[in-house]
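Below you'll find the structure, written out as structure tokens, and then a few comments.
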Amino acid sequence: MLDLSADICNYINKEWIARWEGSMRSFADEHDVDEKTIRQIIDFKNTSYKISLYTLHKMCNARDLTLEEFFREIKR
């Protein structure tokens with residue numbers, strides 16, 4: 001079974017962060033998380049970062065997205 005946290009971080013990296021036209025700082029501010037969290041998500045393979053449900057919930061709320069909708073999008 002694939003690591004769910006890795007799938008989440010990979011999706012956020014590809015679909016949200018990579019498409020963001022501003023800085024990491026502005027992305028973090030807009031998504032109600034620390035910039036350090038964004039750096040950890042980007043480098044999750046090297047840091048073995050595990051995103052918390054709380055952090056994911058905050059980021060989804062900032063995008064007017066429910067957790068159910070998010071998991072539907074990543075097909076998990």
Side-chain angles (χ1 to χ4, degrees):
M1 184 169 115
L2 295 174
D3 182 20
L4 180 58
S5 185
D7 290 347
I8 292 168
C9 289
N10 191 45
Y11 180 86
I12 291 171
N13 256 329
K14 287 182 178 178
E15 300 299 325
W16 294 1
I17 297 171
R19 296 174 184 214
W20 187 257
E21 294 186 8
S23 67
M24 276 196 293
R25 177 99 162 135
S26 67
F27 183 90
D29 289 344
E30 287 291 319
H31 290 83
D32 197 26
V33 294
D34 288 335
E35 185 178 354
K36 178 182 177 184
T37 301
I38 301 306
R39 287 193 306 268
Q40 289 174 316
I41 290 170
I42 290 170
D43 198 31
F44 75 94
K45 290 179 185 176
N46 297 323
T47 63
S48 61
Y49 174 72
K50 302 291 185 198
I51 191 167
S52 71
L53 189 56
Y54 176 74
T55 299
L56 179 60
H57 185 258
K58 285 172 59 171
M59 293 178 79
C60 286
N61 277 344
R63 289 182 161 257
D64 293 323
L65 190 66
T66 67
L67 288 173
E68 180 180 2
E69 292 166 333
F70 176 81
F71 284 108
R72 196 175 308 125
E73 284 185 19
I74 67 168
K75 296 175 177 54
R76 286 296 302 255

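Since the model is a prediction, treat every value here as computed from it, not as a measurement.
- Taking a cutoff of 4.0 Å between a charged side-chain nitrogen and a carboxylate oxygen, Asp3 and Lys50 qualify as a salt bridge.
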| said: Before you tell me yes or no, could you show the steps for Leu4 and Phe71 under side-chain contact (heavy atoms from CB on, under 4.5 Å), namely the whole-Å CA-CA distance, both residues' side-chain angles and the distance that decides it to 0.1 Å? | reply: CA-CA 10 Å; Leu4 180 58; Phe71 284 108; 4.1 Å; yes

| request: For Ile42 and Ile17, run side-chain contact (heavy atoms from CB on, under 4.5 Å): C-alpha distance rounded to whole Å, both residues' side-chain angles, the deciding distance at 0.1 Å, then the answer. | output: CA-CA 8 Å; Ile42 290 170; Ile17 297 171; 3.9 Å; yes

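- Here the shortest heavy-atom pairing between Ile51 and Ser5 reads N-OG, 3.0 Å.
- Checked by atom type and distance alone, the side chain of Thr47 pairs as donor or acceptor with a backbone atom of Asp43 at under 3.5 Å.
- Contact of the Glu15 side chain with the Ile74 side chain is not registered, since no non-hydrogen atoms from C-beta on lie closer than 4.5 Å.
- Here CD of Glu35 is found 11.5 Å from CD of Gln40. Values are rounded to the nearest 0.5 Å.
- Cluster membership check: Leu53 shares its hydrophobic cluster with Trp16, using side-chain heavy-atom separations under 4.5 Å among Ile, Leu, Val, Met, Phe, Trp and Tyr.
- Side-chain contact between His57 and Leu67 is present, with heavy atoms from C-beta onward closer than 4.5 Å.
- In this pair, Trp20 and Phe27 present their aromatic rings perpendicular. The plane angle is above 60°, beyond the 30 to 60° band.
- Within a 6.0 Å sphere centred on CZ of Arg25, heavy atoms belonging to other residues, nucleotides or ligands number 12 at most.
- Qualifying ring pair (Phe, Tyr, Trp, His ring centres under 6.0 Å) partners for Tyr49, counting only residues two or more places apart in sequence or in other chains: none.
- Met59 has its side chain out of reach of Phe70: every pair of non-hydrogen atoms, C-beta onward, lies at least 4.5 Å apart.
- In the displayed structure, Lys58 atom NZ is contacted under 6.0 Å by more than 12 heavy atoms of other residues, nucleotides or ligands.
- Under the 4.5 Å side-chain criterion, counting only non-hydrogen atoms from C-beta, Glu69 is not in contact with Asp64.
- Here NE2 of His31 is found 9.5 Å from CD1 of Ile41. Values are rounded to the nearest 0.5 Å.
- Considering CD1 of Ile38 and CG of Asp29, their distance stands at 9.5 Å, rounded to 0.5 Å.
- Of the inter-residue distances, the one linking Ile12 atom CD1 with Cys60 atom SG reads 7.0 Å to the nearest 0.5 angstrom.
- Asn10 and Asn13 share no side-chain donor-acceptor pair at under 3.5 Å.
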